[in-house]
Every structure is written in C-alpha cells, then in structure tokens.
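One structure below.
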Amino acid sequence: MIGLAVGVLAGHYFNLFNFRLSMKSHEIISSLPKVILLLTIPLLFSFVVFIAASWTAKIPLGNFFGIIGRHTLIIMYAHKFILDICKISGLNWMPQLVLAVMVPVLISMMYQYLRDYLPVTWTT
C-alpha cells in the first residue's frame with residue numbers, strides 16, 4: 001500500500017499524469033479519467049495515513065503523538081500565524097515545522113496548568 005502511494009507520487013512528480021483536487025473550490029484537474037483518480041488517490045493516501053498512525057502508536061514516541069493529538073485544535077488555529085512569523089524571520093522549513101506544532105502545544109499546556117492549579121477568585 002505504501003509502495004503504491006510512493007509510486008503515485010513518483011508518477012505525478014515525473015509528469016506521467018496530472019491530478020489536482022481542491023476541496024475548497026471543488027476543482028478537479030486530471031489528465032486521466034477523473035472518476036478513477038477520485039476513487040483511488042484519496043482512499044490510497046487515507047489508508048497510508050491509517051497505517052502510519054498504527055505504526056506510530058507502537059513506537060516509544062507514541063505518547064508524544066498522543067500529546068499532539070490532544071492539542072490539535074489550537075495547532076490548527078495557530079500554525080498559520082506562527083508559520084507567517086517564521087517566514088518573515090527567514091527560518092528554514094524544519095524549525096518552522098517544530099515551532100508551528102510545539103508553540104501552540106506549549107501555550108495550550110500552560111493554559112491548562114494555570115486553569116487547573118491557580119485558584120480563581122471572583123470579586124463582586
């Protein structure tokens with residue numbers, strides 16, 4: 001399954017076929033029959049993601065991915081802002097990736113800590 005996905009990526013990279021699917025605008029561009037590509041490519045890559053998720057659950061870093069999984073909402077909302085700041089500052093892609101994931105996770109963990117361990121006093 002993974003080999004097939006790599007083959008599809010290689011075929012697209014070497015211009016053996018053209019395929020573009022935009023979920024926002026519902027635009028489908030393809031040099032092959034659209035129905036075949038729409039049925040195979042998204043399902044193939046979904047299965048590869050499921051396989052990768054199953055494998056990462058079995059490695060020692062599985063807890064790390066669990067922490068990231070619990071904070072996906074703030075990562076989703078904050079990563080573009082952080083990537084824009086990184087782009088302005090001229091960072092390469094690897095520090096951008098690390099910062100775009102870790103900064104929102106740390107903000108969320110700090111918020112949870114402060115919410116759970118600091119006493120809240122309301123004055124009226």
Spacing of Met102 atom CE and His79 atom NE2 [to the nearest 0.5 Å]: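 Spacing of CE (Met102) from NE2 (His79) equals 16.0 Å.
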Between CD on residue Gln112 and OH on residue Tyr117, distance to nearest 0.5 Å: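 Separation between the atoms: 10.0 Å.
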Check: Ser108 side chain, Pro104 main-chain N or O, donor-acceptor pair, under 3.5 Å: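 Such a contact is absent between Ser108 side chain and Pro104 backbone.
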Val105 side chain reached by Ile74 side chain, heavy atoms, under 4.5 Å: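 A side-chain contact is absent here, since even the closest heavy-atom pair is not under 4.5 Å.
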Residue pair Asn92 / Pro95, side-chain heavy-atom distance below 4.5 Å: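 With C-beta onward as the side chain, the pair touches.
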Closest non-hydrogen atom pair, Gln96 against Leu91: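 For Gln96 versus Leu91, the nearest heavy atoms are NE2-O, 2.8 Å.
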Taking every non-hydrogen atom, the tightest pair across Ile67 and Met109: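 Scanning both residues completely, I find the closest heavy atoms to be CG2-SD, 4.4 Å.
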Connected via hydrophobic side-chain network under 4.5 Å: Trp55 and Val6: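 Yes, it is one cluster - the side chains of Trp55 and Val6 are joined through contacts under 4.5 Å.
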Side-chain cluster (under 4.5 Å, hydrophobic types only) that Leu106 belongs to, other residues: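 ILVMFWY cluster around Leu106 holds nothing else.
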Side chain to side chain contact (heavy atoms under 4.5 Å, CB included) partners for Phe45, two or more places apart: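 If we apply the side chain to side chain contact (heavy atoms under 4.5 Å, CB included) test to Phe45, skipping adjacent residues, the hits are Ala5, Val8, Leu9, Ile41.
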I'd like a table of donor-acceptor pairs (distance under 3.5 Å, sequence neighbours excluded) in which one partner is a side-chain atom from residues 80-87, with atom names and distances.
residue	atom	partner	partner atom	Å
Lys80	NZ	Asp84	OD1	3.3

Stepwise side-chain contact (heavy atoms from CB on, under 4.5 Å) test for Tyr111 and Ile107: CA-CA 6 Å; Tyr111 169 75; Ile107 290 170; 5.5 Å; no
Over 12 non-hydrogen atoms of neighbours within 6.0 angstrom of CE in Met76: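 Correct, the count exceeds 12.
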